[in-house]
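Below is one structure, written out as structure tokens; comments come after it.
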Amino acid sequence: SVTWNSLLAAYAQTGHLHKAESLLDSMPGHLRDAVTTTIMVNAYTQAGKIQESRRIYTSCHNKDDFTSSAMIHAYAQHGHLHEAKQIFDTSPHHDVVSWNSMLGAYTKNGHFHEAFLLFQKIPTKDVVSWNLMIVTYSQTGDFASAIRFFRAMDLDGVHPDNVTFLAVIEACGSQADLLLGRAIHSEVSHPDILLVNALIGMYSKCSSLEAAREIFVSWPCKDVVLWTSLVSSYAENGRGQESLHLFQSMQLDGINPDQVTFIAILSKCAQAGLLHAAHTFFSCIPDHGLVPALDHYVCLADALGRSGWIEQASELLDLMPYEPD
RNA sequence: ACUCUGGUUUUGUCU
């Protein structure tokens, strides 16, 4: 059973759903257990096939906490809150992942009050329970609550991880709270690249470009996302020339910009009133094998408009090969 | 002691 499931999981995790299905078909019935069901429910969820998840789940009698949580998650991903809750309510016992899955079902679908009520009922909250609340508050702009829950988590004796830190660091950036951002940064012990990226964004929003740059430099393996953050940080702080220069350095480092790189940079240029830099960045989009997208035109028009070139902005929107919306 | 057959939370994105 373990052997079959291992292979099944390997197929499922690498996105080979068809191979997983045929393996399941050739798998002796008496070897199919709750693990088998959970793997398949999850595989179908990842492929967006909720009906298949449901079919496997309901037709199978081997279920445990893991299977139920996987199915709650499956329903939640597709907005089927009622079905998710039904599974949650009908299971006799909940482990913390089961609670968290139901909590995530509420937060993902915007049912924040229900989420809050459920959160309070979780007997033993773990770091994921807290993260779900903190991330949700941070993403919905309630930064004060994010920080409040971050403190409460500590009082509850649960240690923050990088997911927690990322969410509260983002909250600090959004509030331009440099002191708190620094304080929380000092609590970080093992940052990963995601957190490093958030720290760069936070320091940039707090106008501490030098701190942002230091963090960037100290991270050994920069990817396109990290470079994009740094270049747009300079643009965000009105440093057009340096952002153009860094953009060159990025390519010397072997990193190719993509569509998002240009959207991120151009939008910061527009906000900071860097018309010249915006124009230069826009002009070199084709040099990288990319076609300027609607978003790029909108950003450039925005930059023109904010610099007082209203007519040129609307002219650009008229001439671009897209329909404005 | 930790050690992976399965479930829950987090990266760059303008208007």
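These numbers come from a predicted model, not from an experiment. Letters A, B, ... mirror the listed sequences (proteins, then strands); counts begin at 1.
- Among the atoms of the strands shown, none is found under 4.0 Å from any heavy atom of A:Thr36.
- Using a 4.0 Å heavy-atom criterion, one finds that A:Asp33 contacts no nucleic acid atom at all.
- Relative ring orientation between A:Phe149 and A:Tyr137 is described as tilted, the plane-to-plane angle lying within the 30° to 60° band.
- Among the protein residues, A:Thr38 comes within range of the nucleic acid bases, having at least one heavy atom under 4.0 Å from a base atom.
- Proximity note for A:Val135 (side chain, C-beta onward) versus B:C14, B:U9, B:U13: the nearest is B:U9.
- For A:Thr67 against B:G7, no side-chain N or O and base N or O form a donor-acceptor pair under 3.5 Å.
- In this structure, the nucleotide among B:C14, B:U10, B:U11 sitting nearest to the side chain of A:Asn197 is B:U11.
- Minimum atom distance to the side chain of A:Ile263 is reached by B:U13, of the listed B:U8, B:U5, B:U13.
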Check residues 78-85 of chain A and write down every donor-acceptor pair under 3.5 Å in which the side-chain atom is one partner and the other belongs to a residue at least two apart or another chain.
| unit_1 | atom_1 | unit_2 | atom_2 | d |
| --- | --- | --- | --- | --- |
| A:His78 | ND1 | A:Ala74 | O | 3.0 |
| A:Lys85 | NZ | A:Asp89 | OD1 | 3.2 |
| A:Lys85 | NZ | A:Asp89 | OD2 | 2.7 |

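- A:Leu266 comes within 4.0 angstrom of no nucleic acid atom, judged by non-hydrogen atoms across all strands.
- Among B:U8, B:G6, B:U9, the nucleotide with an atom closest to any side-chain atom of A:Phe66 is B:G6.
- No contact: A:Asp223 has no heavy atom under 4.0 Å from any strand.
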Below 3.5 Å, can you tabulate the donor-acceptor pairs from side chains in residues 303-311 of chain A to any protein atom, sequence neighbours excluded?
| unit_1 | atom_1 | unit_2 | atom_2 | d |
| --- | --- | --- | --- | --- |
| A:Arg306 | NE | A:Asp302 | OD1 | 3.1 |
| A:Arg306 | NE | A:Asp302 | OD2 | 3.4 |
| A:Arg306 | NH2 | A:Asp302 | OD2 | 3.2 |
| A:Ser307 | OG | A:Ala303 | O | 3.1 |

